[in-house]
Amino acid sequence: MVQNVEERAVTASGEITFPIRVIVVDDQLLLREGIANLLQVDQRIRVVGVGGDGQQAIDLVSALHPEIVLTDIRMPVLDGIQAIREIKARWPNIRVVILTAFVYDGYLVEGLMAGADGYLLKDSSPAALISGIIAVAAGQKVMEPSVAERVAGLLSKHSAERNHYDGLTQRELQMVAMIARGMVAKEIAHELHISEKTVRNHISNIYRKLGIFDRSQAVLYAIKKGLVVAE
């Protein structure tokens with residue numbers, strides 16, 4: 001019989017209470033169950049719930065109040081980025097770690113802008129995943145080395161081109177920055193006192209001028225041009 005005993009450890013970043021309560025969210029059943037079982041082997045971690053999409057992540061956080069949410073990005077119903085924004089808005093003290101197979105620049109930047117505390121890859125070793133969760137619980141920001149290198153490259157690249165905005169108007173630049181901060185068309189319309197249809201027309205023009213097709217690429221453009229700063 002395993003005794004349920006809370007332990008405290010002091011790290012360089014602060015005090016952690018063990019076991020760390022974790023929720024695992026991934027749309028692939030075998031994968032999320034496998035990750036949960038892997039984490040449960042370590043007595044410092046307790047998986048208190050698993051979910052298959054971003055909405056389930058929010059519902060689980062509301063019901064179970066974990067310390068850490070470990071989530072994928074691309075999921076049905078509500079994706080991981082949107083879930084992170086909602087979780088951080090409602091429960092700012094809960095930490096979120098992205099665990100994904102993707103190192104696509106748009107997802108990376110959008111995840112960081114949404115407030116993710118860590119970004120790990122699914123090919124990480126079990127030891128690296130567990131140590132990453134413990135580090136985030138202690139208040140650190142954690143990134144896979146290849147991801148950290150990519151972020152550094154994104155933030156330093158194109159600095160000489162920041163004053164060239166590809167024909168975007170001041171209004172369109174304002175909207176790109178708002179998109180990068182996670183705002184949707186309805187919120188932008190309210191903020192700028194214009195109709196939602198007008199916002200959507202502007203966004204279509206922005207995408208056409210930049211030759212892009214989704215929000216992730218707009219976020220990446222905003223970072224590269226210095227319109228917003230990744231945290």
Any chance you could measure Arg95, atom CZ, to Lys141, atom NZ, to the nearest 0.5 Å? 8.5 Å
How close do Val47 and Ala36 get, counting heavy atoms only, and between which atoms? CG2-O, 3.7 Å
Donor-acceptor pair, Tyr119 side chain versus Thr100 backbone, under 3.5 Å? no
Greater than 12 external heavy atoms within 6.0 Å of His190's NE2: no
Quick one: pull up CD1 in Ile68 and CD1 in Ile133 and give me the separation to the nearest 0.5 Å. 7.0 Å
Scan side-chain atoms only and decide if Arg85 and Gln82 contain a donor-acceptor pair under the 3.5 Å cut-off. no
Donor-acceptor check, side chain of Glu67 to backbone of Arg21, threshold 3.5 angstrom: yes or no? yes
Applying side-chain contact (heavy atoms from CB on, under 4.5 Å) to Leu121 and Ser124, what does each step give before you reach the verdict? CA-CA 6 Å; Leu121 300 180; Ser124 301; 4.3 Å; yes
Nearest atoms (heavy-atom pairs only) where Leu60 meets Val50: CD1-O, 3.4 Å
When the side chains of residues 199-206 are checked against the rest of the protein, which donor-acceptor pairs come out under 3.5 Å, sequence neighbours left out?
| unit_1 | atom_1 | unit_2 | atom_2 | d |
| --- | --- | --- | --- | --- |
| Arg200 | NH2 | Glu196 | OE2 | 2.8 |
| Asn201 | ND2 | Lys197 | O | 3.4 |
| Ser204 | OG | Arg200 | O | 3.1 |
| Asn205 | ND2 | Asn201 | O | 3.4 |

Per the salt bridge (charged side-chain N to carboxylate O under 4.0 Å, His left out) rule, what does the pair list look like for residues 122-136, sequence neighbours excluded? Asp26-Lys122, Asp72-Lys122
Please round to the nearest 0.5 Å and tell me the distance separating atom CZ of Arg171 and atom CD1 of Ile194. 5.0 Å
Polar contact flag, side-chain donor to acceptor under 3.5 angstrom, Glu33-Asn37: no
Would you mind writing out the side-chain donor-acceptor pairs for residues 87-94 within the sub-3.5 Å range, not counting sequence neighbours?
| unit_1 | atom_1 | unit_2 | atom_2 | d |
| --- | --- | --- | --- | --- |
| Lys88 | NZ | Ile94 | O | 2.9 |
| Lys88 | NZ | Asp117 | OD2 | 2.7 |
| Arg90 | NH1 | Glu86 | OE2 | 3.4 |

